[in-house]
Every structure is written in structure tokens, then in C-alpha cells.
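Throughout, a chain's letter reflects where its sequence line sits, starting with A, and its residues are numbered from 1. The analysis underlying the following values was restricted to heavy atoms, covering all of them including side chains, and did not include hydrogens, waters or symmetry mates.
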Amino acid sequence: MTIRTRFAPSPTGLLHIGGARTALFNFLFARHHCGQFLLRIEDTDRERSTQHAVDVILEGLAWLDLTPDEPPLFQSSRAVRHAEVAYQMLASGHAYRCYSTPDELRQMREQAIADGRPPRYDGRWRDRDPADAPAGVAPAIRLRAPRDGETVVDDLVQGAVRVANAEMDDMIILRSDGTPTYLHAVVVDDHDMEISHVIRGDDHLTNTFRQVQIYQAMGWAPPRFGHVPLIHGADGAKLSKRHGAVSVLEFEAQGFLPEALCNYLLRLGWGHGDAEIISRDEAIRLFDIDAVGRAASRMDYAKLTHLNGVWLRQADDTRLTADVLRRLRDRTDLVLDDVAAARILALMPGLKERAKTLVELAESAAFLARVPPLPMDQKASALLTDEAKATLREIAAALAATDFSAGALDAALRAYAEHAGKKLGQVAQPLRAALTGSTVSPGIDATLAALGRDEALARISAASR
RNA sequence: GUCCCGUUCGUCUAGAGGCCCAGGACACUAGCCUUUCACGUUGGUAACACGGGUUCGAAUCCCGUACGGGACGCCA
């Protein structure tokens, strides 16, 4: 049997990290088992679905490199098929028409809650003569669910979960306007798409029983299910639009690398011994659904940030340089020409070692695109005393005599320090201030080399005046 | 309220009856390294929710309790 999984978000909100992780797990599971990963947009709620949300989902998945193997299926395009199946069930006696109005149902629910009973449809049209149908009321179609026995789901993550059928009422499968409900559409689509494994959020676990009843009514073999626990916000509360549930694209804006976010998400709810830094290829090799934990987990930005630093250091210099230039593009205080780009690329090995996010990286690279005289931060200007300025003029002369390679510069600096009876730090820090306008940068030799002879000497000259 | 699920350091996790007076990672913290800042490195603080069983032996199995989460819609 070919393994086929799907990610089925509804375009009524953003693609948040919970959804992203669900997509990742589906993707990894499919790849691990040499199967296919599909995408289905559940846009049956026409009122709340938006094109913008669809775009965000598609963009987000592309950014995370979780591209589906087939074009996305839009659930709304399958309304005819959903209705067809509902009528089949009606014909076979597995469903019936219900003429209760939404208002009536609401009263029924409120009454049940007031009486301390579970809020459920009482099945008043289940066995009623269709001749009793009130005129002018369009009926909804309900599943004639079994009332005895129990329904069992052998979940890949949660294990065997069972519920008494008496706990469930007859759910609506086709609304009075002829459109399918979610529970029904999902089953029909998963069946028609030949989905073998449904991996989704824990919040769907209790829905699964009702879906299984539809499979049974249609005589279809249900897929295997795996319900992964939800991700909570940093404070332990459920992810909501108000906090934490930001779009995955927001993570991009905040300077996180997609491979870092995937690595983080993978380790949230799943573990493999002591493995922490896991590439996509390794993830495909190691991941399996049975190692997914059963408890909800919290979003931890500190750990994500750490992981991002690890991946940043491993990332390609050209790629990072392009990202930095993009983030700095709109800065009016910088000159982002080819010269600046070349400097940033040249210093990237040292810059990426010191940054945890792409935002920090861009900020730390900005000095390379400045035109002297540089703005000095407080600590830098404090370093540039009259004595230091005099020293800088001497250093400039020593540096000018080299070929401006990092090795030669380092040697010249050390020789000068020894000659002047100073510690290297006393030499390097004023120089750093002059070159960068701050007290933090990659190694001073590499920084000098990246700037190049003319620019470096110009900056030293400007700062030592 | 009813049903379902969960509970190992602050956080993410390893752990499938003896290897665990519980390991790793992040965070925090003390050193080392050092040309600043990072990185790296060596230590440290810190957890099996609680109570009963079962067993020679339980973080691991069973039952309760507490707490947390989810679902109960002509939303998805």
C-alpha cells in the first residue's frame, strides 16, 4: 500500500506553528515511508475563508520547504460529490432528513445544559414519518449513527481510544442548503484522495469517532489516524490569535531560518535519543509517528533562537549575504552598492558566528555599508580618547605597510602592540571603534581586510582627527 | 456539565520492571579560552504531580485523586 498523507488547513486564519508542525509531521511521515504528501484546502466555510489566508498557507509551506506532491485540492470544488455521498447514505438508510430548525436546536442545547445533560440532538426526526415534514422547511441530512456498542479508534499516537456510541448524537452531514459539514467532507475527501494516514492535531481526536461512523456507513475502510498533541504558547495557554499564533511568515520576518524552525518544531513533541540538531534528510530518515509524544508542549523562543544560531553558522555565506542585503535595502543611512555587498560577503564567516537571527546579522553587517565619518555609539566614542587617537595614527602607518591580508594585518597588529608595550586588546578596541562605530565586531584583522585598504585607512583617519 | 486525552528539571525531551539516588538540549550560573562580542569548553543548580496497589524490585504495570488540555455547532 502506498502511504499518502495530507495537510488540511482551513483558510480562515493564518498558518501558525501548530499547523506548520502538523504539515511537517505529515511530510516527514510520507517521505520516510516513500509515500506522498498532499495538501487540501478546507474552504467549505465560504463566509470566513479568504484568498489571503490561502496565499499565506501556500507561501508558508513553500518557505518551510514542505511542498505537496500534487496540486492542492480545494474542498469547495467537491460539493457535488459530498452531496452525492450524503444521498447515497440517505438511500441506504444510514442517514435521514431532519427538519429541526437551527433555532429549535439551539433551544434544545440550552435546555439540556440547564438540566445538566450533555448538549446533544435528541434524534427527534430519526424515526419520524417523513410525511410529518413541515412545509417550507428545508431539511438537513443527519447520519443515523449506531446507538449501541462503542466506536474504537486505534490511534497511532494515542493508542486505542474508545467511546460508547450512546455518547454521540446523529450529526448533520449535509446542511439544509445542500452544503456538506466538515466532518462529512473530510471523510469523503480523504477516501477519494486515498489518504492512508491522517495525522492531525489532538483537537480532532473526538471528531474521529464520528468520522469513523461515516466510513462504516459507507462501507469504506478508514485510514489510520495519528493525533499529535497541540502546541501551547510560552505561558502554557492555548495558541490563539491574540498571542503566539503568529503566521510562520512572521518568523521569517523576525529573522529565523526555515531549517531552524523545522528543526525546532520537529523536536517539539518528538525525540530521538539525544539528537537535537537534525537536518531535513536526517529527519526523514529518523522520523516515525510512533515516537511522537502524547503531551502538549510549549513554545520556547529561547530554544528556537539557539537552534537558529546553530543553523545560521552552518548556512551558506552567499545566501546569508543576499538575505542581509534584502533586510538592509530600505535603510537610507547606508550605501548598498556592489562594494558593500562584497565587504559583507567577505566578512560573513565572522558575522554569522556572532548572530542568532538574520535580523541581528543584518544589523551587525550594516557598518560595512556606511560612509565615513561613522556614527559612534556611546562605548565606542568613550574609547576614542586623545591618547587613543594618537595610537590610531601610529597603527594606521603600521597597517598601511602590509598587503592588507588578514594574516599580515594580524602580524602587524601584534608587532605594533609588542613594540608599544601594549596588550592586544588596548590596540584592537580603539581600532574597532574607528572601523565599526561600535565595540563589537568579528576579529579585527578580518574586519580590516573586509573593508579594504582605502576604506579602512579612511575610517581610521576620520576617527583619529 | 458529559465524554476523551495527558502529567519526568523553568522549557523541550531520553527512558518500554533492575543499566536511573534519572541522561541530553535550551535557559540560568561559576570557571577556562580570547582581540571585543559571540562560538567553543569544563563544572554547578534543577524533575519522575499525589496516594494506594502489583512485584524480590516501578519513572516504567494497575486503580484512585489532583491539576492541565481537548471535544461536545446546519465552524473547520
Side-chain angles (χ1 to χ4, degrees), chain A residues 8-13 42-45 47-49 75 98 100-102 105-106 109 112-121 138-142 155 157-159 161-164 167-169 171-177 179-183 185-186 201-210 227 229-230 232 234 236-238 264 267-277 293-307 309-310 313 350 353-356 364 379 383 410 413-414 417 423-429 431-433 436 438-445:
Chain A
S10 78
T12 53
E42 310 230 307
D43 56 349
T44 48
D45 185 349
E47 300 279 295
R48 296 194 297 152
S49 296
Q75 191 159 60
C98 169
S100 295
T101 62
L105 293 171
R106 187 177 47 74
R109 250 190 318 271
I113 290 168
D115 295 350
R117 289 179 290 115
R120 286 200 275 263
Y121 173 66
I141 296 180
R142 284 183 187 269
D155 194 270
V157 175
Q158 308 290 341
V161 184
R162 57 191 67 226
V163 72
E167 296 293 334
M168 290 181 281
D169 61 6
M171 70 179 138
I172 290 175
I173 55 176
L174 205 66
R175 298 185 187 108
S176 51
D177 66 0
T179 61
T181 57
Y182 160 77
L183 254 13
V186 163
D202 218 352
D203 48 343
H204 290 285
L205 183 58
T206 48
N207 284 333
T208 307
F209 298 110
R210 323 185 79 112
H227 287 92
L230 301 179
H232 292 158
K238 190 189 176 185
Y264 176 73
R267 285 286 292 103
L268 218 49
W270 176 88
H272 185 85
D274 289 344
E276 295 285 350
I277 309 300
R294 280 176 288 189
S297 44
R298 294 186 188 203
M299 183 66 201
D300 181 0
Y301 281 88
K303 186 151 186 174
L304 202 212
T305 302
H306 169 263
L307 240 22
V310 171
R313 271 173 260 141
E353 188 80 16
R354 290 162 173 76
K356 290 264 203 309
S364 73
K379 285 181 186 169
L383 275 173
D410 179 63
L413 247 22
R414 286 177 193 281
K423 294 181 67 173
L424 216 43
Q426 294 174 279
V427 176
Q429 274 311 83
L431 193 50
R432 194 179 322 270
T436 71
S438 82
T439 52
V440 177
S441 84
I444 203 69
D445 47 354

In terms of side-chain heavy atoms of [X], which of [options] is nearest?
X        : options             : value
A:Leu205 : B:G24, B:C5, B:U11  : B:C5
A:Glu353 : B:C39, B:G70, B:C12 : B:C39
A:Glu167 : B:C3, B:G6, B:C12   : B:C3

How close or far is atom [atom2] of [N] from atom [atom1] of [X], stated in whole angstroms?
X        : N     : atom1 : atom2 : value
A:His232 : B:G6  : NE2   : C1'   : 10 Å
A:Ile113 : B:C3  : CD1   : C1'   : 14 Å
A:His227 : B:C5  : NE2   : C1'   : 11 Å
A:Arg298 : B:U13 : CZ    : P     : 12 Å

Exercise. How is A:Gly269 classified with respect to the nucleic acid when contacts are heavy atoms under 4.0 Å: base, sugar-phosphate, or nothing?
Worked result: sugar-phosphate
Exercise. With a non-hydrogen cut-off below 4.0 angstrom, is A:Arg117 in contact with a base, only sugar-phosphate, or nothing?
Worked result: nothing
Check the interface with nucleotides 14-23 of chain B: list each N/O to N/O pair with the protein under 3.5 Å, or write none.
none

Exercise. Is the shortest distance from a Lys or Arg side-chain nitrogen in A:Arg175 or A:Asp177 to a carboxylate oxygen in the other one below 4.0 Å?
Worked result: no
Exercise. Under 4.0 Å between a Lys/Arg side-chain N and an Asp/Glu carboxylate O for A:Arg162 and A:Asp155?
Worked result: no
For this session: Could you encode protein contacts along nucleotides 27-37 of chain B as a string, one character per nucleotide from 5' to 3', using B for base contact, S for sugar-phosphate-only contact and - for no contact, with a heavy-atom cut-off of under 4.0 Å?
Result: --------BBB
Exercise. Do A:Leu307 and A:Ile277 have side chains that get closer than 4.5 Å, going by heavy atoms?
Worked result: yes
Exercise. Would a 4.5 Å heavy-atom cut-off, applied to side chains only, mark A:Thr179 and A:Thr44 as touching?
Worked result: no
Problem set entry | G-U wobble or Watson-Crick pairing nucleotide for B:G68 (cut-off 3.5 Å, both distances) | B:C5
Exercise. For B:C75, what is the paired nucleotide under Watson-Crick or G-U wobble rules, both distances under 3.5 Å?
Worked result: none
Exercise. Between B:C12 and B:C28, how far is it from one C1' atom to the other, in whole Å?
Worked result: 16 Å
Seminar exercise, completed: Heavy-atom closest pair (A:Ser438 atom, A:Val440 atom, distance to 0.1 Å) is OG-O, 3.0 Å
Exercise. Where is the tightest heavy-atom contact between A:Gly201 and A:Leu230, given as atom of each residue plus distance?
Worked result: CA-CD2, 4.2 Å
Exercise. Among A:Ile172, A:Asn207, A:Thr208, whose side chain to side chain contact (heavy atoms under 4.5 Å, CB included) with A:Leu183 holds?
Worked result: A:Asn207
Would you list the protein and nucleotides 72-76 of chain B atom pairs, both N or O, that sit under 3.5 Å from each other?
unit_1: B:G73; atom_1: OP2; unit_2: A:Pro119; atom_2: O; d: 3.2
unit_1: B:C74; atom_1: O3'; unit_2: A:Arg175; atom_2: NE; d: 3.2
unit_1: B:C74; atom_1: O2; unit_2: A:Ser176; atom_2: N; d: 3.1
unit_1: B:C74; atom_1: O2; unit_2: A:Ser176; atom_2: OG; d: 2.9
unit_1: B:C74; atom_1: N3; unit_2: A:Ser176; atom_2: OG; d: 2.9
unit_1: B:C74; atom_1: N4; unit_2: A:Ser100; atom_2: O; d: 2.8
unit_1: B:C75; atom_1: OP2; unit_2: A:Arg175; atom_2: NE; d: 2.8
unit_1: B:C75; atom_1: O5'; unit_2: A:Arg175; atom_2: NH2; d: 3.4
unit_1: B:C75; atom_1: O3'; unit_2: A:Arg175; atom_2: NH2; d: 3.1
unit_1: B:C75; atom_1: O2'; unit_2: A:Asp45; atom_2: OD2; d: 2.7
unit_1: B:C75; atom_1: O2'; unit_2: A:Arg48; atom_2: NH2; d: 3.1
unit_1: B:C75; atom_1: O2; unit_2: A:Arg48; atom_2: NH2; d: 3.3
unit_1: B:A76; atom_1: OP1; unit_2: A:Thr44; atom_2: OG1; d: 3.2
unit_1: B:A76; atom_1: OP1; unit_2: A:Arg175; atom_2: NH2; d: 2.5
unit_1: B:A76; atom_1: OP2; unit_2: A:Arg175; atom_2: NH2; d: 2.7
unit_1: B:A76; atom_1: OP2; unit_2: A:Tyr182; atom_2: N; d: 2.9
unit_1: B:A76; atom_1: O3'; unit_2: A:Glu42; atom_2: O; d: 3.0
unit_1: B:A76; atom_1: O2'; unit_2: A:Ser10; atom_2: OG; d: 3.0
unit_1: B:A76; atom_1: N6; unit_2: A:Asn207; atom_2: ND2; d: 3.3
unit_1: B:A76; atom_1: N1; unit_2: A:Asn207; atom_2: ND2; d: 3.4

